[in-house]
Protein chains: 2
Amino acid sequence: MTESEKGPLGRRRGRGARERILSASQQLFRDQGINRTGMDQLCAVAQVSKRTAYQHFASKDELLTEYLRRFDPDVMAGVFDRTDLTPRERLLAAFEIPAATPLCPYIAAAVELHDPQHPASQYARDYKTAIAARLTETAREAGATNPEQLGEQLALLIDGASARTRVLNSESFPTAAAIAAVLIDNAIPASPPRRQPSDDR
Amino acid sequence: MTESEKGPLGRRRGRGARERILSASQQLFRDQGINRTGMDQLCAVAQVSKRTAYQHFASKDELLTEYLRRFDPDVMAGVFDRTDLTPRERLLAAFEIPAATPLCPYIAAAVELHDPQHPASQYARDYKTAIAARLTETAREAGATNPEQLGEQLALLIDGASARTRVLNSESFPTAAAIAAVLIDNAIPASPPRRQPSDDR
DNA sequence: CGTTAAGTAAACAGCTCGGTGTATTTAAGA
DNA sequence: TCTTAAATACACCGAGCTGTTTACTTAACG
């Protein structure tokens, strides 16, 4: 049994209350937004009494921060850690939405909270920076002449697709992927050992 | 004196109450967000009694919708109606932020309201569609082989820069402009008498 | 003047929210 | 069995919100 399922004295009561709360946050914050989701409703969905919820999380803000922290702690490891893909393919894979992706909750949190000082806003910034860093790193592996620039550009595309998907209610990641392909081709000096696509110019 | 300053009988009392309310909305919705701005505070800033405010706008939702409608009713006319620029230059000018631009309030509204059926959300969609249409139209003037595609791509860049600026609190429009330049160059068949580079995809 | 529309000020209604207090129940150790 | 900690049910608080009502004031007109 996991340590997290035990109380401070080793008891094993009400297992997973914390997980149920976070799971309910996941669902409700995504479907209804942060401000429109009350703690009463959240506790009801989590099947946890309000008292218990506030014993696990000091406040809604703290719960929100933890929710963001758990959302994608490994910063798209499923994409960037794929060794079966070339760096270039990995860069493009970042735009293949996993179908179940709602909308980047970091953007949503930053907009809803509207306070750059809020811990959740700070974490959102950290996450965005981490994504850009991974893109830059991969761009360097792919041989881009200016990896930082390409990384920043691709990160902007991801955010653009997220925002646009949210507002228009229609998928925008294919458009972003098309742009990404152009940018990558322009940023990588026609690979030496690869077959030359004979890009006349 | 303006007609709008008169009452229905030609009186000229308390001139500009409506304008002051909308002006206060402009400021507060931008600085604090929609949900965090109460009608009490808004009326105080507008120097208007609550009673008066609710005589001009039936509800906060209606005020919000009108606020969005007034924000940029001509869809960046200052950019797209500049006859002194070539179409290509106009496309790039869309990424030169006017310094006083806060953050696209349409994205903010859509995220904060979290209800696609809300009139403001619908208007946000309309605005985004209109921007893409103007970009497409200009792309066509510029001679792009696929104007719709280029327009949609540039619109995504604008949204990406807006979202990223909001989350990171640092300007992202230069990055977007750089991408735009690449996309435009790739989409327009090198000047007039050249042969077509046949843009793939 | 008196009429009339528009505005003010302030209390109020009704609701939701985040968060707490209290008494009770449950189950694991000893 | 007794103890003890965790969880529950549920009322409750204070604050803030949208929106309304009431009583009063101001100013333009005929």
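Each chain gets a letter, A, B and so on, in the order its sequence line appears, and its residues count up from 1. No experiment lies behind these values; they were computed from the predicted model shown.
- Between the CG atom of A/L42 and the C1' atom of C/dT16 there is a distance of 15 Å, rounded to whole Å.
- Between A/E152 and A/K128, none of the side-chain N atoms (NZ, or NE/NH1/NH2) sits under 4.0 Å from a carboxylate O, so this pair counts as no salt bridge.
- B/R69 forms no cation-pi arrangement with B/Y127, by the criterion of a distance under 6.0 Å to the ring centre and an angle within 45° of the ring axis.
- Using a 4.0 Å heavy-atom criterion, one finds that A/Q41 contacts no nucleic acid atom at all.
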Between B/L135 and B/I158, does a side-chain contact (heavy atoms from CB on, under 4.5 Å) hold up when you go through it step by step?
CA-CA 11 Å; B/L135 287 167; B/I158 293 177; 4.2 Å; yes

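- Within residues 108-119 of chain A, no residue has any heavy atom closer than 4.0 Å to DNA chain C.
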Pull out every protein N or O sitting under 3.5 Å from an N or O of nucleotides 18-20 of chain D, one pair per line with the distance.
| residue | atom | partner | partner atom | Å |
| --- | --- | --- | --- | --- |
| D/dT18 | OP1 | B/K60 | NZ | 2.5 |
| D/dT18 | OP2 | B/M39 | N | 2.6 |
| D/dG19 | OP2 | B/Y54 | OH | 3.1 |
| D/dG19 | OP2 | B/K60 | N | 2.8 |
| D/dG19 | N7 | B/K50 | NZ | 3.0 |
| D/dG19 | O6 | B/K50 | NZ | 2.5 |

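- For the pair A/E141 and A/R90, the salt-bridge criterion is met [side-chain N within less than 4.0 Å of a carboxylate O].
- Contact annotation: A/T52 reaches the phosphate of D/dT8 (side-chain N/O to OP1 or OP2, under 4.0 Å).
- When rounded to the nearest whole Å, the span between CD1 of A/I21 and C1' of D/dT8 equals 13 Å.
- Distance CG (B/L64) to C1' (D/dC17): 15 Å, rounded to an integer number of Å.
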I'd like a list of close polar pairs between nucleotides 14-16 of chain D and the protein, N/O only, cut-off under 3.5 Å.
none

